[in-house]
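Every chain is numbered from 1, with letters handed out A, B, ... down the list of sequences.
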Amino acid sequence: MLKIDNLKVSLEEEEKQIIKGLSLTINSGEVHAIMGPNGSGKSTLSSVLAGKAGYTVDSGKVNFDETDLFETEVEERAALGIFMAFQYPIEIPGVGNMNFLRTALNSQRKTRGQEELNAADFLKLVREIAKDLEISDEMMRRPVNVGASGGEKKRNEILQMCLLEPRFVILDETDSGLDVDAMKLVSKGVNKFSSSSRSFLVITHYQRLLNYIVPDFVHIMVDGKIVKTGDKNLALHVEETGYKDFL
Amino acid sequence: MNHVNSSDWYNSLRKEFEEKSLSIEKVNRRSEYWRKSNLDILEDFVQDTSQLDLLDLNGTCLYEPDLIINGDILELVGQKSDQVVSIIDVIADEESFAKNYFGRLEEKSQKLIPRPLARDNTLDPKVGYVLSFSDSSEKPLIIHNKTNTSASNLFQRNLMIVDKDVEVTIIETGNNLSVFNTVTEIYLGENAKLNYLDLTGENNIFPKISHKFCDLAEKSSFNHFGLRLNTKATRTEIELHLNGQGINTSVANVSLLNKKSHYSDENVLINHNAYECKSRQVFKSVLENDCTSIVRGKIYVASEAQKTDGYQSSRSLLLNESSKFLCKPELEIYADDVICSHGSTSSSLDRDSLFYLLSRGVHKNKAKEMLITAFISEALDEIEDESIKSALSNYIDIWISSFSDE
Ligand SMILES: Nc1ncnc2c1ncn2[C@@H]1O[C@H](COP(=O)(O)OP(=O)(O)OP(=O)(O)O)[C@@H](O)[C@H]1O
Ligand SMILES: [Mg+2]
């Protein structure tokens, strides 16, 4: 599904390479976890996959199915089924959450040549998802993320994921800031959502999350590269000894 | 020279005012309120109208008009106000009640800020109306200006009297196919309320200069909302005199300009002369393509105006680097127990917000529209009437979708 081939990425503003030759293949139905010290480039990798501006691709390729990602606009990537749950979700004052969600969903459907969802069907769908994630009506009526707590914002990201039904999901530290109950709730949401045709890239600092969302592969990322790949036991090892073995 | 068919009172007022008349050129060099303004909008304005279908130039027609001002002809459709009299009849009438009002607020408004164009208007009104309201009306009164190409420099002069406890809403729309200079003197009685919406659009293809001078009695309320949707050039001068306790006012403006070198110039002076009054000013400008928006908002607080609450916010969204937002907030305060704040910002579209929307699949133009709509919403929220607000929001949203497509 996703094939990253020897990717090197620098910041556009300064001459600083962040991703320094990273390769990773993720097949349909797989769950991959990435762990790594602060500043190793995990969020940069997610941002580049989602299409954020401000980076220069020095070399390497990323293919999503047959599509060359770097030839694809941000909104087209979303319509292809790529979704990144932000480490720090943005607040957008003045843009109503419901209006945003409905516009996003229908824009994607339009891009894919599907019919738009009418207001009633949309409302029903969104309410169901919000209920599962215990997101209140009041929260849904607010402008996007405005006044939401850290944990509420993270739940909102998962709501968007469930609504937009992407095929490839990046969870960038979705567990940070969540209390124990919320983490179970979010994991339940993710597990309910996962299927043999969907793949996940889960970025986390805590092995705990991986008890709920069980990875097929765990990668350790240090200084812009994957330095070790293993199964879920690698996460347990990191939890105990830290990253000193990999530096 | 006496005005044709005018009364003695008007002639003597005119004579007195003429002696104190102001020249725009002199004023321009001295006054902060003119220095950065583009005076081309006032003189030598050349516009090719040969390509236009003049019949198409209706204006922001959200509603059917009640009062149509067609050139110099006043035409009242339906019975909306108790009394509509042509200003030309009024200044010809020796016994008109208006003689106690006409020109008084214009004169007062010259005290802190020179207003030469308002003075020109007083000396030579060509058209206009006197509206007096002694009963509230549920529905807004729609005033539709239609100017024709023949008038070279149209001076419209209006007078509005809103009686005690009366609430009215006026929506002014229409076009102008010549330079259009309008002065409206407004008197609000105790606990009276006037909501005034001044809507201009692409059909105002010549400069429009509007003055509104308003005297407010205690507990009255004046809410003004201006809309500039690619209006060629506007200069607005609003001066309010808050003369009694517990007055509430709001002046808001939205300028959306992306046609080459379009221009909006908003000038507001709020005089807090009494105890415990509240005033709000909210300006939002979205600019592209060498457009300019000027905002000068001043709050004056006299020493007896304790417990004044004055708020002013002017913000612009610059969609490209060639546009200009010039903002001059001013506070002049002689009372000690007041809350006054002002803030002004200029920024481009927020990249992170844009990325967030795009990353969820929202198309680029739509995302831009959503952020523009969000940006102006604070100003639209100043409109109290929900049905007018939503009609106007919808109208603007549709308009913005063509705005961001270009
Ligand atoms: N826009 C930017 N401007 C300057 N430096 C940046 C920018 N984006 C990333 N960096 C730098 O790139 C490096 C990698 O950052 P990144 O956010 O990808 O790390 P991370 O692995 O996600 O860290 P964390 O675990 O703390 O979330 C850091 O040194 C960071 O300071
Ligand atoms: Mg990170």
Measuring centre to centre across the rings, with the benzene-like ring taken for any Trp, is F70(A) within less than 6.0 Å of Y55(A)? no

Turns out that what part of E76(A) lies under 4.5 Å from chain B's heavy atoms comes down to neither

Note: E152(A)-R155(A) ion pair, threshold 4.0 Å (strictly below):
no

Okay, Q160(A) and chain B: the region with an atom under 4.5 Å from a heavy atom over there is side chain

The interface call for S377(B) against chain A, heavy-atom contacts under 4.5 Å, is side chain

salt_bridge(D265(B), R296(B)) N-O dist < 4.0 Å
yes

task: Could you please spell out the steps behind the side chain to side chain donor-acceptor pair (under 3.5 Å) verdict for N195(B) and N223(B)?
output: CA-CA 5 Å; N195(B) 306 307; N223(B) 302 309; 2.8 Å; yes

With chain A, the option among L354(B), V362(B), L371(B) that has the most non-hydrogen atom pairs under 4.5 Å is V362(B)

Under 4.5 Å to a heavy atom of chain B? For I90(A) that would be both

Between R102(A) and E116(A) (salt bridge meaning N to carboxylate O under 4.0 Å), is one present in this structure?
no

Counting heavy-atom pairs under 4.5 angstrom with chain B, the leader among Q108(A), E91(A), E73(A) is Q108(A)

Checked S47(A), A79(A), A50(A) vs chain B; the most non-hydrogen pairs under 4.5 Å come from A50(A)

Side chains of S187(A) and N191(A): donor-acceptor distance under 3.5 Å anywhere? no

